[in-house]
Amino acid sequence: MRGINVGGGNKVDMKKLKQTFESLRFENVRTYINSGNVIFETKASSEDTLAKTIEAEIAKDFQLSIPALVRSAKNIQAISRATPEDWINNTEIKTDVIFLWPEIDSKKILKEFPINPDIETLIYTNGALVWNIERKHYGKSKVPKVILGKVYKQITIRNINTVRKLNSLLLE
């Protein structure tokens, strides 16, 4: 989910969110941290149709318009594999996964993100961009400004630690 429990807005209780997903007859539903990460199993294969179904159910259950983005376990695993192991998120290094909505999911999106190759790296992998920068250089990057620009409503961001944890939960 995009924008759940961020900055005091779009408050969604994770236990209730889990119940919402279970009401859709998804199986093995789990939530992870308080920002709308939900793992579930389904036989349905259309990620776009699943996202629309989830959005409608959230609107009904929570009276909120929350954009949903569905990614398969294979996609999360591929993003994790494509990210260098030393790209971490800690007090010195920031690594974010910028998940892309289908409308902008193309390697061409890299042109929208002017980076300074001396201080940061941005890679495209199917479904996401992965951005890595030393925190001491964060203020020099244009990536945060681009994220708040025209692509803002077509992305959702998770730090690499969250994505790796989701990947490990999917492998369980």
Side-chain angles (χ1 to χ4, degrees), residues 1-12 14 17 31-39 47-48 50-52 54-55 58-59 62-72 74-170:
M1 271 21 87
R2 183 182 176 281
I4 284 183
N5 300 330
V6 176
N10 292 334
K11 292 195 178 233
V12 174
M14 291 298 104
L17 184 61
T31 61
Y32 176 68
I33 62 178
N34 210 29
S35 59
N37 301 297
V38 183
I39 296 170
E47 292 173 356
D48 188 48
L50 283 167
K52 286 182 172 83
I54 291 164
E55 290 170 355
I58 288 172
F62 297 95
Q63 293 72 53
L64 293 170
S65 178
I66 304 289
L69 180 67
V70 176
R71 292 286 179 224
S72 69
K74 286 182 181 180
N75 181 249
I76 298 296
Q77 291 163 6
I79 292 167
S80 294
R81 279 193 308 273
T83 305
E85 286 185 31
D86 61 339
W87 286 21
I88 56 177
N89 203 60
N90 63 19
T91 57
E92 296 174 14
I93 300 171
K94 180 172 183 56
T95 304
D96 285 334
V97 177
I98 305 165
F99 287 98
L100 306 169
W101 256 250
E103 300 81 24
I104 63 169
D105 184 8
S106 163
K107 194 170 187 169
K108 292 177 186 174
I109 193 67
L110 286 167
K111 293 176 186 172
E112 301 287 327
F113 290 83
I115 63 161
N116 179 342
D118 293 332
I119 62 168
E120 60 194 334
T121 306
L122 185 68
I123 60 171
Y124 171 82
T125 184
N126 187 32
L129 296 172
V130 185
W131 176 50
N132 178 264
I133 188 168
E134 288 183 63
R135 288 190 183 270
K136 67 183 179 184
H137 297 301
Y138 182 84
K140 297 175 189 172
S141 176
K142 294 179 184 173
V143 171
K145 292 177 185 90
V146 173
I147 288 170
L148 294 174
K150 65 182 181 179
V151 300
Y152 180 68
K153 292 189 177 193
Q154 296 176 304
I155 62 172
T156 189
I157 303 168
R158 300 295 185 269
N159 77 56
I160 191 62
N161 300 346
T162 297
V163 174
R164 287 180 174 144
K165 177 63 177 180
L166 291 169
N167 186 48
S168 70
L169 292 171
L170 288 165

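FYI, the numbering just counts along the sequence from 1.
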Give a yes or no answer on whether the side chain of [X] reaches the backbone of [Y] with a donor-acceptor pair at less than 3.5 Å.
{"X": "Arg158", "Y": "Phe99", "result": "no"}
{"X": "Asn37", "Y": "Tyr32", "result": "yes"}
{"X": "Asn89", "Y": "Asn161", "result": "no"}
{"X": "Asn132", "Y": "Ile93", "result": "no"}
{"X": "Arg2", "Y": "Gln154", "result": "no"}

Restricting to non-hydrogen atoms, name the atom on [X] and the atom on [Y] that form the minimum distance, rounded to 0.1 Å.
{"X": "Ile33", "Y": "Met14", "value": "O-SD, 3.6 Å"}
{"X": "Phe113", "Y": "Leu129", "value": "CE1-CD1, 3.5 Å"}
{"X": "Thr95", "Y": "Trp87", "value": "OG1-C, 3.5 Å"}
{"X": "Leu122", "Y": "Ile115", "value": "N-CD1, 3.9 Å"}
{"X": "Ser141", "Y": "Val143", "value": "OG-N, 3.0 Å"}
{"X": "Ala68", "Y": "Ala51", "value": "O-CB, 3.4 Å"}

Those residues at least two apart in sequence (or on a different chain) that pass side chain to side chain contact (heavy atoms under 4.5 Å, CB included) with Asp48 are Ser46, Lys52
Flag the pair [X] / [Y] as yes when at least one side-chain heavy-atom distance between them is below 4.5 Å, and no otherwise.
{"X": "Pro67", "Y": "Lys153", "answer": "no"}
{"X": "Glu134", "Y": "Glu92", "answer": "no"}
{"X": "Lys94", "Y": "Trp131", "answer": "yes"}
{"X": "Leu69", "Y": "Pro102", "answer": "yes"}

With side chain to side chain contact (heavy atoms under 4.5 Å, CB included) as the test, would you mind laying out the steps for Ile79 and Asn75 before giving the verdict?
CA-CA 6 Å; Ile79 292 167; Asn75 181 249; 3.4 Å; yes
What's the verdict on side chain to side chain contact (heavy atoms under 4.5 Å, CB included) for Ile123 and Thr125, showing C-alpha distance, side-chain angles and the deciding distance?
CA-CA 7 Å; Ile123 60 171; Thr125 184; 5.7 Å; no
State the [atom1]-[atom2] distance between [X] and [Y], to the nearest 0.5 angstrom.
{"X": "Ser35", "Y": "Ile157", "atom1": "OG", "atom2": "CD1", "result": "11.5 Å"}
{"X": "Ile54", "Y": "Ile58", "atom1": "CD1", "atom2": "CD1", "result": "7.0 Å"}
{"X": "Ile76", "Y": "Leu166", "atom1": "CD1", "atom2": "CG", "result": "6.5 Å"}
{"X": "Thr156", "Y": "Arg71", "atom1": "OG1", "atom2": "CZ", "result": "10.5 Å"}
{"X": "Thr83", "Y": "Arg81", "atom1": "OG1", "atom2": "CZ", "result": "10.5 Å"}
{"X": "Asn90", "Y": "Ile160", "atom1": "CG", "atom2": "CD1", "result": "12.5 Å"}

Is it the case that more than 12 heavy atoms not belonging to Glu103 sit under 6.0 Å from its CD atom?
yes
Less than 4.0 Å between a side-chain N and a carboxylate O, is that true for Glu120 and Lys140?
no
Start with the C-alpha gap between Ile155 and Ile104, add the side-chain angles, then the distance that decides, and say whether side chain to side chain contact (heavy atoms under 4.5 Å, CB included) holds.
CA-CA 9 Å; Ile155 62 172; Ile104 63 169; 3.9 Å; yes
Residue that, paired with Leu110, satisfies side-chain contact (heavy atoms from CB on, under 4.5 Å) out of Lys108, Glu112, Lys107:
Lys107
From CA spacing to verdict: side chain to side chain contact (heavy atoms under 4.5 Å, CB included), Asp105, Tyr124
CA-CA 9 Å; Asp105 184 8; Tyr124 171 82; 2.6 Å; yes
